[in-house]
Amino acid sequence: MGSEFETESELTGFEEGVLETLKRCEQRNETTLVSAMEVAKCLRSWQVQLPSPELGQLLVSRLCSSSSSSSSSSSLWKFIEQALSSRLLYPLQLLSLLTSRVLPNRRTQPKAYRLYLELLSRYAFLFYPLSEDACKDKIIKSVDVALQLSQTYKVRVLEVGHAFVLFFFSVVIGLIDSTLDDWGLRMTPIERPSVAVRSTEHIDMDIDFRGSPDFKGNEHHEQMRRTNSFMAIEVLGKLTESRKSVVILRLVHLNMPEKFNGLLQRLRFLEAHELVSSNFNSANQLLAKLSGNIQRVLGFECPLNKRQLTGMLVNIASCKPSPCFNSEFGRSACWVPFDIYMENAMDGKQLLIKSAVDVLAESIKTLQVFNQERDPPEGPIPHLETRLCVLLSIVPLAIANVLEDEAKFSQATATGYVESAYGHKMNGKALASRKDGLISSLQVLGHFSSLLYPPALVVDAANSAARKAASFISSGKNERNIVVGGSHVDTSIRAGANMRHLIVEACIARNLIDTSAYFWPGYVSASIISLLDSLPVEISPWSTFMEGAPLNASLINSLIKTPASSLAEIEKLYYIALNGSEEEKSAAAKILCGASISRGWNIQEHVVHFVVKLLSPPVPPSYTGPGSHLIDYMSMLSALLFGASAIDTVHILSLHGMVPEVAASLMPLCEAFGSQNSPSNNKSSKADEPSVYMGFSLAFLFLLRLWKFYRPPLEQCISERGGVVRGELTLEYLLLLRNNSIASCQVDTNSNQNEPESASRKPIYIDSYPKLRAWYCQNKSCVASTLAGLSSGNPVHQVANKILNMIYWKMTKSGSSLVNSSTPSSSSASGSPANIGEDAYQRPMLPAWEVLEAIPFVLEAILTACAHGRLSSRDVTTGLRDLVDFLPASLAAIISYFSAEVTRGIWKPVQMNGKDWPSPAAILPSVESEIKAILAAVGVDVPSCSNGNSNLILPLPMAALVSLTITFKLDKSMEYIHAVAGLALENCASGCHWPSMPIIGSLWAQKVRRWHDFIVVSCSRSVFRQNKEAVAQLLRSCFTSFLGSLDVSTSSLSNQSSVNGLLGSTISACAICPSIAPGFLYLRSCRNIHNVQYVNDVIVGLVAEYAGELAARWASTDSPRLKSNQASLSLATARAREVAALGASLLCVTGGVHLVQELFRDTIPTWLLSSRKERLHKVSSVSLIVEGYAMAYLLILSGAIVWGVEANLTSWEFCKRARILGIHMDFLAGVLEGNISLGCHPATWKAYLSCLVGLMVSFTPSWIQEVKLETLRKLANGLRGWHECELALSLLERGGTAAIGSVAELVNSL
């Protein structure tokens, strides 16, 4: 009996001692318990730490030794089990060693396999912490080497918990593969990805099990081999049914999805080869159980304990409205971020730099996770075409993006390949019903006919859509190239067309629905179908164009007015614009910028693409230089720029996210056109007639509209606590966005090697354009500081004198003149007139860049002369207008210089008395009273604008600027001028003392009386620029209009408002003044607020106040449904979510990502640190808890709005989010550790932290991976101290690969 324990020469002293001890115990027939005690004494004598990895290695080695007999092996198996239970051995290490040796030899040693399965069943989850680092390192290394974990999973295994997770998954895979082999089911290498444990061979197996030489003839062993495969599946079913196993397998699913997909493929392979023999009925049952256990992992969300605080608050099911709650309001309120974004996107004063399609798609996804027509007064910017663009192009494209992403996920789920579950996805049922929900919504839309009446601009388009559906029904053809002729009104009545026909066509064009929509009940009236053949039919001009008809004047006009209907038509037009005659090129550019871009909704994204592409025409093959090839395209580019400069067109381009690309395309145009000498006869011309100055001006002013060039650095929105919170766009930033977009498309470009890279698709930098860069730097210098004097010989001085002589030529006739002096700024209007004859008034033959460089010095000379009484105000206005007529681009320099001078405040004010400068006195009192009425209606109280005519003053530069703008004609040909001057004038005026904007508004209202209401509304916005109290009052009105009043005399349960109360449905003109909703007024004013950090503080205060007060009312109501704490909290949190959603929406639209960063980094921590002892005694516990919940919801929703809920960010955005999130989470961890003392109530603090973590786990799990592991551990430990163990586990579970070990340690303690 003792021979099996004979030592070998290579054994160490420790090993000999252990084997000798086992030998003695066996000779004395000691029990396994006594043997274990004796071995423990031996280990202590050798100073071996327990559990001993060396002992495990020795026992498994002896068990597999060729000298081991069957009886000795049995005694060793018994001792091993005792050693495991006595903690002499570490189960993880021993089972790993056995797995690597037993599985490959299970057929030759079925008894050993059976014993191994029994040990696995009992001890697989016996996982306890190790205290000694040396012992821990040895065990980790032993497990890693035995199962080849590092090589298989491509990770470094540094923690016992990490090794445990990978061990468990490897065992599951290994047992399934072994069973497949035992049953004769073979998967190909593609079907079965590689794993750590090989079922048919073992690479490092140098010692084999030995036994009877005639295994195949031994019926007992054959029977055992057959039953072992069933036992393996049974053990797997037992192991995978526990909650611990679900958590462990979900860790693999989250962090190594490709490995988990391999497990799913094996299960599907087993299901596809279901065992048909009656002898395998039990096996099929076991497989069904195992498959069910594994499938639980996919839908597993760590259930939060609903007896704990977080489980009651962060419960998605509680989002369902209670019967005593206004469910209609609740459903609309949860989408308030969407409503606010849509309304904000309609503000043409703020051009979007990111595609509205992408923003809307991301917003829809975000709000899905969190929630499972207005007529402005007539003004210069009606925006009807822009609103139709959003409705009929942007929204369908956004829906298409959402459905495409969900379809990809659905397909991946169906094929068994499931990506990482950190991104929040819809379940299969929701995926299947999403498109059905769209169809149902479109069908129900037909019941709201009063909302669907088409504006006059699109009546023909709606009729055409209805006729197309009728034609399809009657003839069975998919399309018929016809439009309806005759009277618009008569046709509309016959066709019954409305906006739904256009919406449905837009959805069909994007493949969101099919033409079966034409057969919906009531979609097409029977009368239009029966009268189809008798109605007059007119051939589309686009059909004539595609058939090869020449572009004569009649066809051009028709094509400009009629939107294209196909991509082929746009492509043909594009190639004509590049390769046609000069007349054809210009005509094609005009057509592209006509109805096709403004009303070609079904192909609008393609039209936008070709318009932008045409701004960067290729170098012609025959071009040899010198100079820029762009000069040869002057006529085409001038026509294109004029058409694209329309206010609505620029807005449409921004909605499609083309601002960075347009800016990059305009820069080479400005460089080339501005460097070209102008002919001497380059006098004022119509905007659409080609000339060097006009082409440059169109491109230059277009470029400047894309960024706030006129705002001095002081006007950046700043934080009270220091540091810039929100800065304006710069050319560098626009180019950075554009170049990043180009870089992200490099993969697509490289995939087509045969297609040469276009110059327009290469990175662009401002240094590549020296003339533009020089002006850009000069402009920033001019804005930042006063002008420096120039010597008389300086070239800029000479150009400035030429310009002064030109613009003062008219003044010489009336005896007013300037004489040459050392610098333009010191020129004088006194002295003898200069001998300037008619020949001297030849306009300078100068490049535009040289003119722009000199203009600031010209303007300083003009203002200086006027301030000293040497020039009249009329002469100043005339001279400025003549300068703009000479070079329209000079308007930019005028605005930039005057705006900077107004900010510096060095010029004396002038009286707007009607003598020297125009007077607003006639209507200023009326305008002032209307402004006060508008503001009073939204709860804002402001001081009076003026006190008689003595107060009607403006700074000299401001008076000159407004006088100049009044001289511009009001027609479409001047839109490119008004679009620049209007915004700059408003910004410049709002930087002056308070009455300035009403004075300027009154002057313009006198000029254009039909714009009166528009001007009054615009003036009412200026009060919020620097008046913090007015901002706070307006924000409070926004909350009241949306949520109801907090007045104690009013019940918030019955006085609930809605999105309509916040944003309004119309801006109606009543008898006195326009009526404006507070939210609408705020959206149009928020970007001019100087101190946006103050907005953060106000919104946080209002969210806390409203959440607490509304929660107190819900908790104190007499409703019997509110007697339970859970019901009270459910109703209170429903209102808290609405409060927080409104706050997050207003915060994000005010300051975007910068303000959200401040919220994480500063505002919320300050709120937690602040003491509110003065009100603690009168606030209920429910209010304190819900206040913390609302603040957590505000923070998470604000972050989700600007960053999204998924991990698909650019590297720059990702690093920014990770840094800001890390700062906030480190602060919270510091509080938990006692390093920071808070001033808020403990109940509020606990609710805030618990709910913040719960919301992150539920809604933004991808964020958690960006937090440092040490911080996650601190948070988890703190939550465990609050008995929030499930929440702590959920937090760590989503911490990525680095947190796997921590999860394993925590799950073992649950």
Kindly indicate whether the side chain of [X], heavy atoms from C-beta on, has any atom under 4.5 Å from the side chain of [Y].
| X | Y | result |
| --- | --- | --- |
| Ile603 | Phe610 | no |
| Val395 | Val390 | yes |
| Val1156 | Ile1220 | no |
| Glu860 | Glu901 | no |
| Tyr976 | Leu641 | no |
| Val608 | Met658 | yes |
| Met694 | Pro888 | yes |
| Glu385 | Leu457 | yes |

Does the [X] side chain pair with the main chain of [Y], one donor and one acceptor, at a distance under 3.5 Å?
| X | Y | answer |
| --- | --- | --- |
| Ser638 | Met634 | yes |
| His978 | Lys969 | yes |
| Arg1217 | Gly1199 | no |
| Arg1021 | Arg1084 | yes |
| Ser781 | Cys777 | no |
| Tyr633 | Ala577 | no |
| Thr903 | Ser899 | yes |
| His629 | Pro617 | yes |
| Asn739 | Ile764 | yes |
| Ser963 | Ala960 | no |

- Note on the structure: Residues at least two apart in sequence or cross-chain that pass side chain to side chain donor-acceptor pair (under 3.5 Å) with Glu671, listed by chain then number, are none
- Message: The criterion is side chain to side chain donor-acceptor pair (under 3.5 Å); which residues satisfy it with Ser768, sequence neighbours excluded?
- Response: none
Distance check, rounded to the nearest 0.5 Å: [X] atom [atom1] versus [Y] atom [atom2]?
| X | Y | atom1 | atom2 | result |
| --- | --- | --- | --- | --- |
| Leu703 | Met667 | CG | CE | 7.0 Å |
| Glu975 | Ser645 | CD | OG | 9.0 Å |
| Ser1198 | Glu1158 | OG | CD | 13.0 Å |
| Cys389 | Leu384 | SG | CG | 11.5 Å |
| Ser890 | Tyr693 | OG | OH | 10.0 Å |
| Glu571 | Ile576 | CD | CD1 | 12.5 Å |

- Chi angles and distances behind the side-chain contact (heavy atoms from CB on, under 4.5 Å) call for Leu734, Val662: CA-CA 10 Å; Leu734 287 177; Val662 171; over 6 Å; no
So, for [X] and [Y], which heavy atoms are closest and what is the spacing to 0.1 Å?
| X | Y | value |
| --- | --- | --- |
| Arg705 | Val980 | CG-CG2, 3.5 Å |
| Val884 | Leu964 | CG2-CD2, 4.3 Å |
| Leu669 | Ser665 | CG-O, 3.6 Å |
| Leu1063 | Gly1079 | CD2-C, 3.9 Å |

- Does CZ in Arg881 sit with more than 12 non-hydrogen atoms of other residues, nucleotides or ligands closer than 6.0 Å? yes
- Item | side-chain contact (heavy atoms from CB on, under 4.5 Å) assessment of Val1095 paired with Cys1086 | CA-CA 9 Å; Val1095 173; Cys1086 61; over 6 Å; no
- His656 and side chain to side chain donor-acceptor pair (under 3.5 Å): which partner among Gln604, Glu661, Glu605? Gln604
Only distances under 3.5 Å count here; give the side-chain donor-acceptor pairs of residues 592-599 to other protein atoms, sequence neighbours excluded, each with its distance to 0.1 Å.
unit_1	atom_1	unit_2	atom_2	d
Ser596	OG	Ala564	N	3.0
Ser598	OG	Gly594	O	3.3
Arg599	NH2	Lys561	O	3.2

- With sequence neighbours left out, the residues meeting ring pair (Phe, Tyr, Trp, His ring centres under 6.0 Å) with Phe696 are Phe700, Trp849
- Message: Applying ring pair (Phe, Tyr, Trp, His ring centres under 6.0 Å), can you list everything that pairs with Tyr769, at least two apart in sequence or on another chain?
- Response: none
- Residues at least two apart in sequence or cross-chain that pass salt bridge (charged side-chain N to carboxylate O under 4.0 Å, His left out) with Glu732, listed by chain then number, are Lys780
- Tyr1082 and Thr1150: CA distance, side-chain angles, deciding distance, side-chain contact (heavy atoms from CB on, under 4.5 Å) verdict: CA-CA 9 Å; Tyr1082 181 81; Thr1150 302; 2.6 Å; yes
- Check the pair Trp1004 / Thr965 against side-chain contact (heavy atoms from CB on, under 4.5 Å), numbers first and verdict last. CA-CA 9 Å; Trp1004 264 96; Thr965 60; 3.3 Å; yes
